[in-house]
Protein chains: 2
Amino acid sequence: MAANIRDVAKLADVSITTVSHVISGRGRVAPATKERVLTAIADLNYQANIHAQRLVSQKSRTLAFQIASFTQNSNSTTLIPNSNYFLEVLNAASNEATRREYVLLILSADVDSSLMDRYGIDGVLIIDPRGDEKIFQTDSNPDWLIVTNGRTVNELTNRIGIVDNDHRRTTRETLIHLRDEGYERPALITTDLGRSYTRDLADEYLVWCKKEGHTPIIVELPEPPTQQAAADAARKILARRLPPDAILASAEDLALGVLHAAQDQGLSVPRDLGIVSAVDSSVLLVATPSITAVYLDPETTGIRAVDMLISALEDQAEFPQQVIVPSELRIRDSTMRRNARGEA
Amino acid sequence: MAANIRDVAKLADVSITTVSHVISGRGRVAPATKERVLTAIADLNYQANIHAQRLVSQKSRTLAFQIASFTQNSNSTTLIPNSNYFLEVLNAASNEATRREYVLLILSADVDSSLMDRYGIDGVLIIDPRGDEKIFQTDSNPDWLIVTNGRTVNELTNRIGIVDNDHRRTTRETLIHLRDEGYERPALITTDLGRSYTRDLADEYLVWCKKEGHTPIIVELPEPPTQQAAADAARKILARRLPPDAILASAEDLALGVLHAAQDQGLSVPRDLGIVSAVDSSVLLVATPSITAVYLDPETTGIRAVDMLISALEDQAEFPQQVIVPSELRIRDSTMRRNARGEA
DNA sequence: ATGAAAGCGCTAACAT
DNA sequence: ATGTTAGCGCTTTCAT
């Protein structure tokens, strides 16, 4: 059986209060006494019971991690879709939470609040929300704080923090890069425009088209993004009288689907068609040709999101608050038309 | 503030014991009383405090999920490597745990047992262990049960359950398939032979070579598996006087690396070289050509592992116990030499 | 500087 | 069938 605080107190010949003080650093304890307690703790291999601590402190030090994606229709919920981005945000968030002695619970985005209550969730981290997720349905005043990765339409209350990239800036950079490479008619293939990052892409794309005098070509695909759907969409717009000569895709799988469609039709990438993914992923590096993409720095996003949430929970920071994680365009073969190595 | 059991008791005009009985289903409660209690619970939106329940029951209903991979050297630990297999096992395990009202905690495989004690972990699910992970260092009698996905060298104690695939059978099927397609000199590229699944591949491969009179070609690469390392290894063995005409790779990224190396050298897949991955993944489907692979059914593995662990924890089953999850070879273009569509 | 004691919300023995 | 009560292991006033 594991030792409890009373065992430690007995062994160190002090009261349990003193032991508690030593552990928490609160209160004053004489150095000698402290030493004795520490020795007793080490001898007994004592660890404070986490459930007792949480019961009495009324805090669970537990965060929910939710990816707000595509779970609507499906029956068996996919907690973590197969995307590098999500995985890296999760890994970083989990490490950071552990470091701060918090527990990260991966929950489906469509669990209702009773489950959250049950686990005594202190804070929620929600990736790519649309804003209509259950968690935002503010019935009176819920017990948790929220940090979103991506913005929602919800008004910025004092319960919400935001970690985001500047997608409009990188989209602009992408379009400039494409123009520099001689592409004249970029198209946009994206999933659900209900998410802020896809909306940012589309908004900036439309601004650009207007300024440059292009006719915009936007295809909005249902979620989840699949290579098949992207390939079909690409085939369709490439069959136009005036087809696009570059395609900006909102997700790695969409970019890959476009690549396959292009290759099927005998188009050369990057010569006949430029391809960019708005989200980087390791698979884009090893595609042939490698695919230009925007690196969003998911690791930093995960860390900053957890930090923001915890510091708000511990009253060291106030919401609303917003952090922009630096991101950058990574140019690869799929858009290097001017110095292209001959690609089939 | 959330209601507690006393609020419910007061509202229903019963004792807290009766409320507890209604919730747990234990004890006898008159139908009418039960009805009143249920109404009170609904009215107050009552949820039993999970920390109090866990404190008194001395059970945490918490499982640790660990992927025993590649974390040795790296500093910031990668909890979940970027592999379809792991992700799908995790998704399935997490769903199943939630369904059974357990919490799944994703922990790094190298956390020491004090963290596990701290969280009061009841059971550990460990994917692809080598057997030298900290969790197996049986200092006296730990408080948790273990289920491994893959076998370890540790003796089968009453604390361990195993969920595995029959890798030897599928390896045999793979080699037969390759022979049927006319490949005569298969090679094996694998990571760390310390894991049971890679060992199974190698053992069965060696048996086959002996029987068929081949000279075995095995390349063992350090972890983690990267396309680069596999490509380098492939180039090397393809440069031999008598190069292999088929390569069996132990992971998706290794297979992709081999594919790139082959294409770089102007070899046609499947004509000049057959490629098989011992683990299926969605990327293998969309590679060009698509790559033959063994489907391990990670979803079933995740569910069975959690089930096994929970039923052992709840005394409905005894360890040691072993379950084999059915797996199958999925033949794709990369080995269909006889009916090959011309591939560059 | 240290300790006694109350109480966090619940379960389970043991009455009645 | 229902209630009383004693903890589970801890934190935190409040004494001393």
Side-chain angles (χ1 to χ4, degrees), chain A residues 1-41 44-62 101 114 117-122 143 314, chain B residues 1-41 44-62 101 114 117-122 143 314:
Chain A
M1 256 341 264
N4 66 21
I5 198 172
R6 232 166 294 267
D7 299 327
V8 176
K10 212 167 296 169
L11 185 59
D13 197 31
V14 294
S15 72
I16 61 170
T17 309
T18 302
V19 177
S20 179
H21 283 338
V22 170
I23 292 168
S24 64
R26 279 184 259 276
R28 285 174 301 276
V29 181
T33 316
K34 183 171 176 178
E35 202 50 53
R36 276 208 329 280
V37 171
L38 253 18
T39 309
I41 287 176
L44 295 173
N45 221 324
Y46 169 73
Q47 297 256 109
N49 181 300
I50 204 166
H51 305 304
Q53 284 183 319
R54 288 173 178 183
L55 174 58
V56 67
S57 70
Q58 305 284 53
K59 295 239 164 285
S60 66
R61 293 184 82 89
T62 300
E101 300 197 68
S114 69
D117 289 348
R118 178 116 177 89
Y119 289 131
I121 301 287
D122 293 328
D143 295 331
E314 298 181 347
Chain B
M1 257 341 263
N4 66 22
I5 199 171
R6 234 167 292 267
D7 299 327
V8 175
K10 211 168 294 170
L11 185 60
D13 197 33
V14 295
S15 74
I16 61 170
T17 307
T18 302
V19 176
S20 179
H21 282 164
V22 169
I23 292 167
S24 65
R26 279 184 262 276
R28 283 174 303 276
V29 182
T33 317
K34 182 171 177 178
E35 201 52 50
R36 280 210 324 284
V37 171
L38 254 18
T39 309
I41 287 176
L44 295 172
N45 221 325
Y46 169 74
Q47 296 256 111
N49 182 300
I50 203 166
H51 305 303
Q53 284 183 319
R54 289 174 177 181
L55 174 57
V56 67
S57 71
Q58 305 282 51
K59 296 236 163 287
S60 67
R61 294 185 80 90
T62 300
E101 300 197 67
S114 70
D117 288 348
R118 179 115 178 88
Y119 288 131
I121 301 286
D122 293 329
D143 293 333
E314 297 180 346

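Order of the sequence lines sets the chain letters (A, B, ...), proteins ahead of strands, with each chain counted from 1. Keep in mind that what you see is a predicted model, and the values were worked out from it rather than measured.
Between the side chain of B/Ser24 and the base of C/dT11 there is no donor-acceptor pair of N/O atoms closer than 3.5 Å.
When all heavy atoms of A/Val14 and A/Arg36 are compared, the pair lying nearest together is CG1-NH2, 3.4 Å.
Checking D/dG7, D/dG3, C/dA5 against every side-chain atom of A/Thr17, the shortest atom distance belongs to C/dA5. Which of C/dT2, D/dT5, D/dG9 sits closest to the side chain of A/Arg6 comes down to D/dG9. Distance from the side chain of B/Ser15 is smallest for D/dG3 among the nucleotides C/dT2, C/dT11, D/dG3. The side chain of A/Ser20 sits closest to D/dT12 out of D/dT12, D/dT4, C/dT11. Comparing D/dT2, C/dT11, C/dA5 by their nearest atom to the side chain of B/Thr33 picks out D/dT2. You'll find that the side chain of B/Val56 is closest to C/dG9, out of C/dT2, C/dG9, D/dT5.
Per the geometry, CZ belonging to B/Arg118 stands 15 Å off P belonging to D/dG9, to the nearest Å. Between the CZ atom of B/Arg61 and the P atom of C/dC10 there is a distance of 16 Å, rounded to whole Å. Computed from coordinates, the A/Tyr119 OH to C/dG9 C1' distance equals 18 Å when rounded to whole Å. For A/Ile50 and C/dC8, the CD1 to C1' distance is 16 Å, given to the nearest whole Å. As rounded to whole Å, 17 Å separates atom P of C/dG9 from atom NE2 of A/His51. To the nearest angstrom, P of C/dG9 lies 14 Å from CG of B/Leu44.
Between C/dG9 and B/Gln47, no contact under 4.0 Å exists linking OP1 or OP2 to a side-chain N or O. At D/dT11, one or more side-chain N or O atoms of A/Gln53 fall inside 4.0 Å of OP1 or OP2 (strictly under the cut-off). Between A/Gln58 and C/dG9 there is a side-chain N or O to OP1 or OP2 distance below 4.0 Å. Not one side-chain nitrogen or oxygen of B/Arg54 sits closer than 4.0 Å to the OP1 or OP2 atom of C/dC10. Side-chain N/O atoms of B/Asn49 include none lying less than 4.0 angstrom from OP1 or OP2 on C/dG9. At the phosphate of C/dG3, OP1 or OP2 sits under 4.0 Å from a side-chain N or O atom of A/Thr18. Between D/dT11 and A/Arg26, no contact under 4.0 Å exists linking OP1 or OP2 to a side-chain N or O.
Across the interface with DNA chain C, nearest-nucleotide mapping of B/Leu55 and B/His21 shows B/Leu55 to be the residue nearer the 5′ end. Ranked by how close their nearest DNA chain D nucleotide is to the 5' end, B/Pro31 and B/Ala52 are led by B/Pro31.
A/Thr18 places no side-chain N or O within donor-acceptor distance of the main-chain N or O of A/Ile16, the cut-off being under 3.5 Å.
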